[in-house]
Amino acid sequence: MTNLESLLSARLATAFTAIAGSPTDPVMQRSAHADFQANGALPLARQLDRSPREIAAEVLAAADLEGLATAEVSGPGFINLTVLPETLERMVNEMAADERLGVPFTDAPETVIVDYSGPNVAKEMHVGHLRSTIIGDCLVRILRWAGHEVKSISHIGDWGTPFGMLLERLIEIGEDAAAAELSVGDLDGFYKAARKRFDEDPAFAERSRQRVVALQSGDQELLRLWQILVAESERYFLTVNDRLGVTLSKEDFVGESFYNDRLQSVVEELDRLGLLRKSNGADCVFPAGFTGRDGEPFPLIVRKSDGGYGYPATDLAAIRYRIKDLKGTRLLYVTGAPQHQHLEMVFAVAKQAGWLTGSVRAQHVAFGSILGEDGKMLRSRAGKSVKLIDLLDEAVARASTLVSDGDVATAVGIGAVKYADLSSGMAKDYVFDLDRMLTFTGDTGVYLQYAHARIRSILRNDFASSQVHLTEPAERALALQLLSFPGAIDAVVDSLEPHKLAGYLRELAVAFTAFYESCRVLHADGGIRASRLALCDLTARVLAHGLHLLGIQAPERL
RNA sequence: GCGCUCGUAGCUCAGCUGGAUAGAGCAGUGGACUUCUAAUCCACCGGUCGCAGGUUCGAAUCCUGCCGGGCGCACCA
């Protein structure tokens with residue numbers, strides 16, 4: 001099973017390289033004027049000081065397209081390629097016979113560590129966690145399916161100064177009452193109450209500070225109580241993840257506290273390497289190329305002036321652990337764009353320390369913020385944050401007004417939210433707008449689910465495995481789109497941009513709908529009917545699996 | 001001040017390893033259900049691709065400058 005586009009590209013590349021005298025990319029793309037076009041002759045014209053059309057003609061003469069496609073030179077020097085009907089049929093049939101739908105396992109498997117979701121203990125999951133969780137989960141699914149060894153990590157915020165007040169609050173109301181409050185998912189209520197007490201009552205605040213010190217010095221009783229906070233919160237996170245349909249499991253929660261006993265050794269190692277410098281009483285590393293407000297070198301503070309460790313130390317311990325112990329070769333950090341500089345600094349220090357070497361890549365998969373209707377960052381601290389679980393329930397409730405079945409409503413509602421996020425580029429901020437997400441017309445998740453359900457409806461009436469024969473233009477267009485599936489997967493694997501898969505699936509659904517409008521299936525005669533049913537079946541499989549890779553369900557019927 | 005990022009149709013967004021008339025959805029107008037799910041489809045309407053230069057046979061795409069929005073810039077994560 002071979003990727004059609006890359007096969008064509010490879011054949012042309014040989015010819016291009018022969019003509020150019022050096023490795024030359026044919027620059028293939030889908031075309032409105034043919035099935036594909038190769039633009040490589042145009043840039044070559046200058047290099048060889050010859051007419052582009054002449055070069056294109058020569059490439060064509062040298063290219064071996066036997067049994068693949070017909071080609072012609074067009075316009076200023078484009079090579080237009082039209083795939084032979086029998087070749088298209090053969091490849092579609094091969095794809096249909098392949099469980100992996102034409103997508104090969106990667107020939108260079110990596111160990112990929114994906115850090116995403118990362119909620120905070122005793123704090124509600126809010127819209128801010130939505131993107132990280134959805135995008136991270138999608139990347140995990142796709143990379144894993146492509147044949148990589150993938151380890152999910154949810155870097156839980158389970159340590160640090162806030163735990164003083166949380167523990168003090170827990171002690172104040174009693175552990176049973178606290179556990180009860182947390183177990184019903186009222187994390188924000190608990191957190192806010194603790195915060196309020198901390199702000200209002202100096203004695204409470206002082207006791208909180210002492211709790212932090214005691215906790216960090218290993219007080220057994222406090223550790224036991226802390227464990228209650230962590231366990232109840234994790235249980236709650238799992239229910240939200242379950243609602244969202246995310247693959248994260250309990251074993252994937254690796255809290256900041258996990259790195260506690262490694263922090264000192266990180267500092268020691270950095271010191272041994274001579275990377276550490278005292279600055280204003282703190283132990284810092286100054287990676288090259290980072291400057292602060294005053295234009296002076298900007299530090300990554302590894303140990304605070306009070307001797308404590310902050311998140312940079314944890315992040316350094318984590319990156320070292322992920323490389324040295326987990327043997328990760330590609331580390332992904334699915335966190336918001338505002339953390340870009342911080343992560344770049346962590347990567348820079350990891351490089352200087354010799355952990356992040358040439359064969360290991362660390363990448364920040366950054367995404368924009370979700371904004372409120374006022375166009376400002378929707379932050380939890382600023383009060384009115386939307387509880388993630390409420391948003392999901394609302395989405396499902398709206399879906400329930402359109403479909404009767406509860407499971408289907410869940411699939412549609414959650415799918416709508418996920419598709420809204422995954423279908424546009426992740427670099428930009430976007431305004432959080434329930435109405436837009438849950439509009440069930442147009443470019444939405446339900447459009448894809450609907451296309452899939454329609455096909456399943458046809459197949460319920462009749463289906464027997466058959467060979468595909470392409471006759472109508474709409475069938476041919478659908479076949480071409482189906483064969484682009486491996487390319488769409490590739491695109492996400494190396495760009496880490498899920499919206500490319502979402503876009504592909506959308507185009508597939510459009511191609512199917514065009515086919516559906518112009519070609520009868522069940523009412524067609526014998527051979528044609530069987531062939532079209534096979535085409536329907538393959539389309540349904542690609543849609544269902546593609547949606548699955550996005551983390552979206554594809555119900556049998558709506 | 002430095003850095004990152006975004007600016008494409010009234011609205012929400014694709015397209016950006018430079019390539020043939022800049023594409024979708026929503027909204028608007030007009031059509032299509034005795035036909036496999038009309039949550040659909042077809043047609044029309046709608047764009048100085050922020051602005052100005054530059055490189056090029058060719059720029060939404062690359063470079064420079066500017067304008068505008070967002071974010072980050074030492075002990076919170």
Side-chain angles (χ1 to χ4, degrees), chain A residues 25 27 29 31-33 37 39-43 45-46 51-52 74-78 80 118 120 155 157 159-162 256 279-284 289-296 298-306 308-315 335-342 344-345 366 368-369 371 375-377 381 402-403 412 420 423-425 427-431 433 436 439-444 446-447 449-451 453-462 499-500 502-503 506-507 509-510 513-514 516-524 529 532-533 536 557-558:
Chain A
D25 183 354
V27 195
Q29 60 182 214
S31 175
H33 305 273
Q37 66 182 68
N39 304 331
L42 291 130
R46 184 172 190 72
S51 126
S74 170
F78 303 109
N80 286 353
N120 295 312
H155 193 73
W159 204 249
T161 46
E256 292 169 339
S279 177
N280 293 335
D283 290 309
C284 305
F290 295 90
T291 54
R293 208 185 292 276
D294 51 9
E296 294 300 304
F298 187 68
L300 194 64
I301 297 177
V302 183
R303 183 158 50 193
K304 299 186 285 185
S305 53
D306 66 2
Y309 300 102
Y311 62 92
T314 308
D315 285 340
T335 62
Q339 293 191 42
H340 188 69
Q341 187 187 42
H342 170 249
E344 287 300 325
M345 292 179 78
S369 308
L371 309 176
K376 291 182 179 168
M377 279 268 286
R381 200 63 71 76
L402 296 164
V403 296
V412 170
S423 61
S424 69
K428 297 189 221 185
D429 297 349
Y430 73 83
V431 174
D433 183 348
R436 181 165 289 126
T439 292
F440 297 137
T441 57
D443 186 11
T444 61
V446 79
Y447 177 85
Q449 291 172 319
Y450 181 63
R454 283 166 122 184
I455 304 174
R456 295 302 309 164
S457 172
I458 294 171
L459 296 172
R460 266 196 298 280
N461 286 295
D462 179 25
H499 80 278
K500 291 184 174 170
R506 159 84 188 169
E507 282 169 18
V510 169
T513 307
Y516 179 87
E517 294 286 329
S518 63
C519 301
R520 296 279 185 93
V521 179
L522 292 174
H523 302 291
R529 172 188 165 102
R532 288 181 179 167
L533 282 166
C536 282
R557 53 187 101 207
L558 298 184

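Note on naming: letters A, B, ... go to the chains in the order of the sequence lines (proteins, then strands), and numbering restarts at 1 for each one.
Checking the phosphate oxygens (OP1, OP2) of G25(B), no side-chain nitrogen or oxygen of Arg436(A) falls inside 4.0 Å. Put simply, Tyr447(A) has a side-chain N or O that comes within less than 4.0 Å of OP1 or OP2 on C41(B). One finds a side-chain N or O of Lys428(A) lying less than 4.0 angstrom from the OP1 or OP2 phosphate oxygen of G7(B).
Taking the side chain of Val403(A) as heavy atoms from C-beta on, and the options A39(B), G25(B), U37(B), the nearest nucleotide is A39(B). For Pro299(A), counting side-chain heavy atoms from C-beta on, the closest listed nucleotide (A74(B), U37(B), A24(B)) is A74(B). Here the side chain of Arg293(A) is nearest to one of G19(B), G1(B), A20(B), namely G1(B). Residue Val521(A) places its side chain closer to C36(B) than to any other of U8(B), U21(B), C36(B). Of the candidate nucleotides C57(B), U5(B), U21(B), U5(B) has the atom nearest to the side chain of Ala427(A). Checking U37(B), U56(B), G72(B) against the side-chain heavy atoms of Tyr450(A) singles out U37(B) as nearest.
One C1' atom belongs to C44(B), the other to A9(B), and the distance between them is 15 Å to the nearest Å. Taking the C1' atom of each, G18(B) and C49(B) are spaced 15 Å apart, rounded to whole Å. For the C1' atoms, the distance from G7(B) to U61(B) is 15 Å, rounded to whole Å. With P as the reference atom, G15(B) and C6(B) are 11 Å apart, rounded to whole Å. Taking atom P on both nucleotides, A60(B) is separated from U21(B) by 11 Å, rounded to a whole Å.
At the heavy-atom level, Asp433(A) lies nowhere under 4.0 Å from the strands shown. Heavy atoms of Leu300(A) sit nowhere under 4.0 angstrom from any nucleic acid atom. Residue His342(A) is classed as having no contact, given no heavy-atom separation below 4.0 Å to the nucleic acid. Within the 4.0 angstrom heavy-atom criterion, no nucleotide atom of any strand lies near Gly281(A). No contact: Phe290(A) has no heavy atom under 4.0 Å from any strand. Within 4.0 Å (heavy atoms only), Ser305(A) reaches at least one base atom of the nucleic acid. Across all strands, Gly292(A) comes closer than 4.0 Å to base atoms (heavy-atom distances). Among the atoms of the strands shown, none is found under 4.0 Å from any heavy atom of Thr444(A). Backbone-only contact: Phe298(A) has heavy atoms under 4.0 Å from sugar-phosphate atoms and none from a base. Base contact: Asn80(A) has a heavy atom under 4.0 Å from a base atom. As judged by a 4.0 angstrom heavy-atom cut-off over every strand, Ser457(A) is placed among the base-contacting residues. Among the protein residues, Arg520(A) comes within range of the nucleic acid bases, having at least one heavy atom under 4.0 Å from a base atom. At the heavy-atom level, Ala337(A) lies nowhere under 4.0 Å from the strands shown. Across all strands shown, Arg303(A) has no heavy atoms under 4.0 Å from either base or sugar-phosphate atoms.
Side-chain atoms of Ile301(A) and Asp283(A), non-hydrogen and from C-beta on, never get closer than 4.5 Å to each other. With a 4.5 Å cut-off on side-chain heavy atoms, Leu558(A) and Arg454(A) do not count as touching. Considering only heavy atoms from C-beta on, Leu533(A) comes within 4.5 Å of Leu522(A) through its side chain. Residues Leu42(A) and Pro76(A) form a side-chain contact, since some pair of their non-hydrogen atoms from C-beta on lies under 4.5 Å apart. In this structure the side chain of Thr314(A) never reaches within 4.5 angstrom of the side chain of Tyr309(A), judged on heavy atoms. By the 4.5 Å heavy-atom criterion applied to side chains, Gln37(A) and Gln29(A) are counted as neighbours. When side chains are defined from C-beta on, Glu296(A) does not count as touching Thr291(A), because their heavy atoms never get closer than 4.5 Å. Asp315(A) has its side chain within reach of His155(A): a pair of non-hydrogen atoms, C-beta onward, lies under 4.5 Å apart.
Atoms CG (Asn39(A)) and C1' (U56(B)) sit 16 Å apart, rounded to a whole Å. Rounded to whole angstrom, the span from the CG atom of Asn461(A) across to the P atom of U37(B) amounts to 7 Å. Taking atom CG of Asp443(A) as the reference point, atom P of C41(B) lies 11 Å away to the nearest angstrom. When rounded to the nearest whole Å, the span between CZ of Arg454(A) and C1' of U35(B) equals 13 Å. Between Gln341(A) atom CD and G3(B) atom P there is a gap of 11 Å when expressed in whole angstrom units. The distance between atom OH of Tyr516(A) and atom C1' of A39(B), rounded to the nearest whole Å, is 12 Å. In this structure, Met345(A) atom CE and G72(B) atom P are separated by 15 Å, rounded to whole Å. The separation between His340(A) atom NE2 and C73(B) atom P is 14 Å, rounded to whole Å.
Enclosure of atom CZ in Arg529(A) by more than 12 non-hydrogen atoms of other residues, nucleotides or ligands within 6.0 angstrom is indicated.
Across all non-hydrogen atoms, the minimal contact from Glu256(A) to Trp159(A) is OE1-O, 3.6 Å.
A donor N or O paired with an acceptor N or O is found under 3.5 Å between the base of A77(B) and the side-chain atoms of Tyr311(A). Remark: the Glu256(A) side chain and the A77(B) base include no donor-acceptor N/O pair separated by less than 3.5 Å. On a pure distance criterion of 3.5 Å, a polar donor-acceptor pair joins the side chain of Ser74(A) and the base of A20(B). Residue side chain Ser279(A) reaches the base of A74(B) through a donor-acceptor N/O pair under 3.5 Å, judged by distance alone.
Between the CG atom of Asn280(A) and the OG atom of Ser305(A) there is a distance of 8.0 Å, given to the nearest 0.5 Å.
Residue ring and nucleobase are stacked for Phe78(A) and A20(B), with a centre distance beneath 5.5 angstrom and an angle between planes beneath 30°.
Paired regions of RNA chain B, where each region holds three or more successive Watson-Crick or G-U pairs whose two hydrogen-bonding distances fall under 3.5 Å, are B:1-7 with B:67-73, B:10-13 with B:23-26, B:28-32 with B:40-44, B:50-54 with B:62-66.
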